[in-house]
A.B. asks: 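This is the structure I have questions about; it appears just below.
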Amino acid sequence: QVRVMESGGGLVQAGGSLTLSCTASANILNFNAMSWYRQAPGKQREFVATITTGGSTNYADSVKGRFTISRDNAKNTVYLQMNSLKPEDTAVYYCKGGTLRVYWGQGTQVTVSS
């Protein structure tokens with residue numbers, strides 16, 4: 001019943017930037033945290049970044065220093081600002097939110113060309 005929807009993916013050259021958005025149909029303050037994951041072709045889904053209701057953040061080593069996760073509680077939206085993009089960042093990016101139950105978005109494609 002709760003829906004999470006990503007947007008903002010696209011094609012960008014290496015070194016460029018993109019900002020992804022994730023909007024929930026519920027108050028995200030009811031979730032312990034919201035997170036971003038990604039899945040590249042032929043690989044398993046992997047953790048990218050998370051932000052708790054208190055504002056604490058955590059990042060995968062592969063994106064640390066390049067990606068920034070943020071939250072706008074009034075808009076029930078979480079963002080992922082991606083800078084200095086690399087071809088290996090190419091993947092479908094998924095948003096996840098929840099507490100005891102988790103809700104996943106449908107994913108948005110990010111393609112980084114060399």
Side-chain angles (χ1 to χ4, degrees):
Q1 191 169 5
V2 176
R3 295 183 178 182
V4 177
M5 300 182 66
E6 308 94 335
S7 62
L11 175 64
V12 64
Q13 290 187 329
S17 300
L18 281 175
T19 299
L20 307 181
S21 299
C22 170
T23 299
S25 63
N27 188 344
I28 62 173
L29 290 175
N30 292 330
F31 299 156
N32 286 344
M34 295 196 72
S35 304
W36 288 95
Y37 288 73
R38 67 186 182 185
Q39 187 167 17
K43 295 187 177 181
Q44 294 185 329
R45 190 172 298 185
E46 65 177 355
F47 168 79
V48 175
T50 190
I51 184 167
T52 69
T53 55
S56 178
T57 60
N58 190 257
Y59 299 91
D61 289 341
S62 59
V63 307
K64 196 171 298 181
R66 299 187 297 120
F67 291 10
T68 302
I69 187 170
S70 61
R71 185 184 65 216
D72 187 334
N73 294 328
K75 296 181 179 179
N76 290 323
T77 299
V78 173
Y79 304 95
L80 185 68
Q81 182 179 349
M82 305 183 294
N83 298 324
S84 301
L85 283 163
K86 305 174 181 179
E88 51 262 44
D89 294 319
T90 295
V92 177
Y93 283 71
Y94 297 91
C95 182
K96 184 188 78 173
T99 305
L100 295 178
R101 287 184 176 271
V102 296
Y103 305 94
W104 290 89
Q106 79 290 339
T108 185
Q109 176 71 48
V110 173
T111 303
V112 184
S113 64
S114 59

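These numbers come from a predicted model, not from an experiment. Values reported hereafter were calculated over all heavy atoms of this structure, with side chains retained and with hydrogens, waters and symmetry mates removed.
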A.B. asks: Can you give me the closest heavy-atom contact between C22 and V4, atom names plus distance?
C.D. replies: SG-CG1, 3.1 Å

A.B. asks: Is any side-chain heavy atom of W36 closer than 4.5 Å to one of V63?
C.D. replies: no

A.B. asks: Got a donor-acceptor contact below 3.5 angstrom from the S84 side chain to the R66 backbone?
C.D. replies: no

A.B. asks: Tell me the salt bridge (charged side-chain N to carboxylate O under 4.0 Å, His left out) pairs involving residues 47-63, sequence neighbours left out?
C.D. replies: D61-K64

A.B. asks: Could you grab the distance from atom CE of M34 to atom OG1 of T77, nearest 0.5 Å is fine?
C.D. replies: 8.5 Å

A.B. asks: Do you know which two heavy atoms are closest between L80 and A49, and how far apart they sit?
C.D. replies: CD1-CB, 4.2 Å

A.B. asks: Would you say the side-chain atoms of T90 pair up with the backbone N or O of V112, donor to acceptor, closer than 3.5 Å?
C.D. replies: yes

A.B. asks: Take atom CD of E88 as the centre, draw a 6.0 Å sphere, and report whether it contains more than 12 heavy atoms from other residues, nucleotides or ligands.
C.D. replies: yes

A.B. asks: Would you give me the side-chain donor-acceptor pairs under 3.5 Å for residues 97-106, sequence neighbours excluded?
C.D. replies:
from, atom 1, to, atom 2, distance (Å)
T99, OG1, N30, O, 3.0
T99, OG1, N32, N, 3.1
Q106, NE2, E6, O, 3.3
Q106, NE2, E6, OE1, 3.4

A.B. asks: Would you name the heavy atoms of V92 and G107 that are closest together and state the gap between them?
C.D. replies: CG1-CA, 3.8 Å

A.B. asks: Checking F67 now: which residues fulfil ring pair (Phe, Tyr, Trp, His ring centres under 6.0 Å) with it, not counting sequence neighbours?
C.D. replies: none

A.B. asks: Hey, what do you get for OG (S35) to CD1 (I69), rounding to the nearest 0.5 Å?
C.D. replies: 6.0 Å

A.B. asks: Spell out, yes or no, whether I51 and Y93 are grouped together once hydrophobic residues are joined by side-chain heavy atoms under 4.5 Å, including indirect joins.
C.D. replies: yes

A.B. asks: By the salt bridge (charged side-chain N to carboxylate O under 4.0 Å, His left out) test, which pairs, at least two apart or in different chains, include something from residues 32-44?
C.D. replies: R38-E46, R38-D89

A.B. asks: Would you name the heavy atoms of T53 and L29 that are closest together and state the gap between them?
C.D. replies: CG2-O, 3.7 Å

A.B. asks: According to side chain to side chain donor-acceptor pair (under 3.5 Å), who are the partners of T111, at least two apart in sequence or on a separate chain?
C.D. replies: Q109

A.B. asks: What's the separation between atom OG in S62 and atom CZ in F47, rounded to the nearest 0.5 Å?
C.D. replies: 9.5 Å

A.B. asks: Under 3.5 Å, which donor-acceptor pairs link side chains of residues 9-20 to any protein atom two or more places apart or in another chain?
C.D. replies:
from, atom 1, to, atom 2, distance (Å)
S17, OG, N83, OD1, 2.9

A.B. asks: Heavy atoms only: give me the nearest Y59-T68 pair and the separation to one decimal.
C.D. replies: OH-CA, 3.4 Å

A.B. asks: Is it true that Y37 and I28 fall in one hydrophobic cluster, defined by side-chain heavy atoms closer than 4.5 Å?
C.D. replies: no

A.B. asks: Measure the spacing between CG of D72 and OG of S70 and express it to the nearest 0.5 Å.
C.D. replies: 8.5 Å

